[in-house]
Amino acid sequence: MLVLTRQVDEQVLIGENITITVVSVSGSQVRLGIEAPRSIPVHRREVHDTVAAQNQQSSHSSPTALRRLAATRERR
């Protein structure tokens, strides 16, 4: 892991097209601005982990749950 020290308004470049800017520092919180192409997803780790866990759980649906889902769609 690369560890850098930056001050407000200083930047870190990743590759040719991603820029991370320190927007503010207040106590133990740091606000970052991230500029990246729309084709590159940028997520907070906790959001990414929650979505990944939900996707994993959904992929292990029981046959009963799948039948209920199919029946719900047929009623529409």
Side-chain angles (χ1 to χ4, degrees):
M1 173 188 301
L2 173 65
V3 178
L4 301 171
T5 301
R6 303 276 68 206
Q7 295 181 5
V8 174
D9 293 330
E10 292 184 332
Q11 299 178 324
V12 175
L13 303 176
I14 300 175
E16 294 289 323
N17 54 4
I18 300 173
T19 303
I20 300 173
T21 304
V22 177
V23 176
S24 67
V25 178
S26 177
S28 64
Q29 287 193 325
V30 177
R31 293 187 71 193
L32 301 173
I34 302 170
E35 295 179 49
R38 289 196 178 272
S39 61
I40 299 176
V42 177
H43 302 286
R44 292 178 293 144
R45 167 62 77 176
E46 62 274 16
V47 172
H48 175 271
D49 291 348
T50 299
V51 170
Q54 290 173 345
N55 288 342
Q56 181 70 19
Q57 186 178 19
S58 294
S59 70
H60 296 294
S61 297
S62 69
T64 303
L66 293 174
R67 283 193 294 276
R68 287 184 192 152
L69 179 60
T72 302
R73 295 191 77 185
E74 290 172 1
R75 287 185 217 145
R76 291 183 183 179

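Numbering of residues begins at 1 and proceeds along the displayed sequence.
- Looking at every heavy atom in both residues, Ile18 comes nearest to Pro37 through CG1-CD, 4.4 Å.
- When side chains are defined from C-beta on, Asp9 does not count as touching Val22, because their heavy atoms never get closer than 4.5 Å.
- Across His48 and His43, no two heavy atoms sit closer than the pair CB-CB, 4.3 Å.
- Put simply, the side chain of Gln29 never gets that close to the backbone of Ser26: no donor and acceptor are under 3.5 Å apart.
- The cluster map of Ile, Leu, Val, Met, Phe, Trp and Tyr, joined by side-chain heavy atoms under 4.5 Å apart, puts Ile14 and Val30 in the same cluster.
- Residue Leu13 holds its CG atom at 10.0 Å from CD of Glu35, rounded to the nearest 0.5 Å.
- Placement of Val12 and Val3 in two distinct hydrophobic clusters is found when ILVMFWY residues are connected by side-chain heavy-atom separations under 4.5 Å, directly or transitively.
- Within a 6.0 Å sphere centred on CD of Glu46, other residues, nucleotides and ligands contribute more than 12 heavy atoms.
- A single hydrophobic cluster is seen to contain both Leu32 and Val8, as judged by linkage of ILVMFWY side chains at heavy-atom distances under 4.5 Å, directly or through other members.
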